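Here's the structure we're looking at; comments come further down.
What you see is a predicted model; the values in this text were computed from it and never measured. Below, all heavy atoms of this structure are taken into account, side chains as well, without hydrogens, waters or symmetry copies.
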2 protein chains.
Amino acid sequence: MDAVAQERPEGPAMELVHLLRAVTVEFDLLGAEFAARHGLHPTDLRALIHLLDAARAGETVTPGRLGAALRLNSAGTTGLVDRLERLGLVARSRDERDRRRVLLTVDEKAVGLGWSFFGPVIGALVGAADGFDESELATVRRYLTAALAAAAGARESAG
Amino acid sequence: MDAVAQERPEGPAMELVHLLRAVTVEFDLLGAEFAARHGLHPTDLRALIHLLDAARAGETVTPGRLGAALRLNSAGTTGLVDRLERLGLVARSRDERDRRRVLLTVDEKAVGLGWSFFGPVIGALVGAADGFDESELATVRRYLTAALAAAAGARESAG
DNA sequence: CCAATTCTCTCGCTGAACGAGAGAATAACC
DNA sequence: GGTTATTCTCTCGTTCAGCGAGAGAATTGG
């Protein structure tokens with residue numbers, strides 16, 4: 001957001017905006033490199049994350065839900081699931097209760113892959129929290145919560 | 001990073017990891033929606049951001065530098081610049097000092113577009129900083145700086 | 001039951017990005 | 001100073017992710 005800051009007053013709040021963008025960029029690069037290293041597309045990684053999150057939350061995922069979450073149309077979603085299936089990360093199975101549906105189940109391999117991606121980052125980030133006491137971490141959490149709401153709000157009003 | 005948290009102890013630090021990822025996702029969605037709304041590809045938006053940052057820093061950008069920053073090969077970079085030129089966002093001009101080079105100059109239109117993207121987000125984020133006093137903002141800045149370093153470190157050691 | 005709905009998948013297509021390499025300008029070396 | 005090596009950019013042909021349209025199965029509602 002430097003690009004536009006030239007017309008803006010600088011200040012503590014702007015500094016945080018810059019930092020947040022930098023963190024976002026860094027995360028994106030990290031994901032992109034991980035994906036490339038494992039022969040995945042960025043979309044595949046996003047799908048993997050979504051599937052693992054859903055699995056953890058105990059939710060069943062169908063191609064339709066996955067596609068909606070990733071903003072893909074049905075054709076693209078089919079291609080994505082084909083790809084993930086070919087990589088041995090997910091398996092398709094018919095939902096016997098509503099036989100129009102296909103259920104996606106994540107393989108152990110996917111969990112391992114997810115761990116190998118997130119593990120190091122999480123470790124580093126948790127380590128970054130060392131040197132902050134409880135109340136400081138609470139302050140950070142409060143700020144990030146507000147920033148998240150702000151970004152979501154900006155997206156809604158702009159979109 | 002929920003996906004992996006099932007095997008991890010929860011705690012204040014993990015909460016922040018979740019929040020950071022949520023903010024990243026939100027920013028990505030925001031960028032994707034803005035891009036789609038203006039007939040841009042995600043790559044185009046990233047290029048625009050890079051060009052505006054460089055312009056602000058007073059640096060000259062060539063197709064080669066831009067492609068390297070976005071991790072594109074030369075063919076893809078040519079296509080990208082063609083696209084941006086067709087959209088009237090940048091112009092190509094020969095560097096008279098090293099006539100192998102092409103210099104990219106950003107049009108006013110690009111600056112306006114950048115502003116229309118960043119303006120609302122920045123405003124919302126600065127607003128999110130209300131309700132925090134100076135020392136609290138300093139704490140947040142210290143944390144984000146550490147998190148940035150952690151992410152960069154994770155990328156380096158994993159990459 | 002017949003119609004409307006809800007899922008998923010197939011087909012054909014567009015276009016972003018890749019690999020390989022050509023072309024033009026500059027720098028380096030003998 | 002002329003030949004060779006290097007540095008940029010762009011062209012060509014290809015691959016493949018994602019789109020639009022719509023077909024095919026299963027379910028739900030009147």
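- For the OP1/OP2 pair of C:dC18 and a distance below 4.0 Å, the side-chain nitrogens and oxygens of B:N73 include at least one atom meeting the criterion.
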Show me the protein contacts with nucleotides 6-14 of chain D, counting only N or O atoms at under 3.5 Å.
{"from": "D:dT7", "atom 1": "O4'", "to": "B:R100", "atom 2": "NH1", "distance (Å)": "3.1"}
{"from": "D:dT7", "atom 1": "O2", "to": "B:R100", "atom 2": "NH1", "distance (Å)": "3.4"}
{"from": "D:dT9", "atom 1": "OP2", "to": "B:G64", "atom 2": "N", "distance (Å)": "2.7"}
{"from": "D:dC10", "atom 1": "OP1", "to": "B:R92", "atom 2": "NH1", "distance (Å)": "2.9"}
{"from": "D:dC10", "atom 1": "OP2", "to": "B:R92", "atom 2": "NH1", "distance (Å)": "3.0"}
{"from": "D:dC10", "atom 1": "N4", "to": "B:S74", "atom 2": "OG", "distance (Å)": "2.3"}

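- Between A:L84 atom CG and D:dG18 atom P there is a gap of 10 Å when expressed in whole angstrom units.
- Looking at B:R94 and B:L103, their side chains never come closer than 4.5 Å, going by heavy atoms from C-beta outward.
- Side-chain contact between A:L48 and A:D44: absent, with no pair of heavy atoms (C-beta onward) separated by less than 4.5 Å.
- Here the side chains of A:L20 and A:L144 are in contact, with some heavy-atom distance below 4.5 Å.
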Q. Should A:R142 and B:V140 be marked as a side chain to side chain contact (heavy atoms under 4.5 Å, CB included) after you check the CA-CA gap, both sets of side-chain angles, and the distance that decides it?
A. CA-CA 10 Å; A:R142 192 159 62 89; B:V140 175; over 6 Å; no
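- Side-chain heavy atoms closer than 4.5 Å link hydrophobic residues (I, L, V, M, F, W, Y) into clusters, and following such links, possibly through other members, connects B:V23 to B:M14.
- Rounded to a whole Å, the CG atom of B:L80 is 14 Å from the C1' atom of C:dC18.
- Aromatic ring pairs are classed by plane angle as parallel below 30°, tilted from 30° to 60° and perpendicular above 60°; the pair B:F132 and A:Y143 is perpendicular.
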Q. For A:R83 and A:H41, what are the C-alpha separation, side-chain angles and deciding distance, and is it a side chain to side chain contact (heavy atoms under 4.5 Å, CB included)?
A. CA-CA 10 Å; A:R83 231 150 53 221; A:H41 300 262; 3.9 Å; yes
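- Inter-residue side-chain proximity for B:T43 and B:L72 is flagged as met; some heavy-atom pair is nearer than 4.5 Å.
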Output one line per pair: protein atom, nucleotide atom from nucleotides 13-16 of chain C, and distance, for all N/O pairs under 3.5 Å.
{"from": "C:dA16", "atom 1": "OP1", "to": "B:H41", "atom 2": "NE2", "distance (Å)": "2.7"}
{"from": "C:dA16", "atom 1": "O5'", "to": "B:R83", "atom 2": "NH1", "distance (Å)": "3.3"}

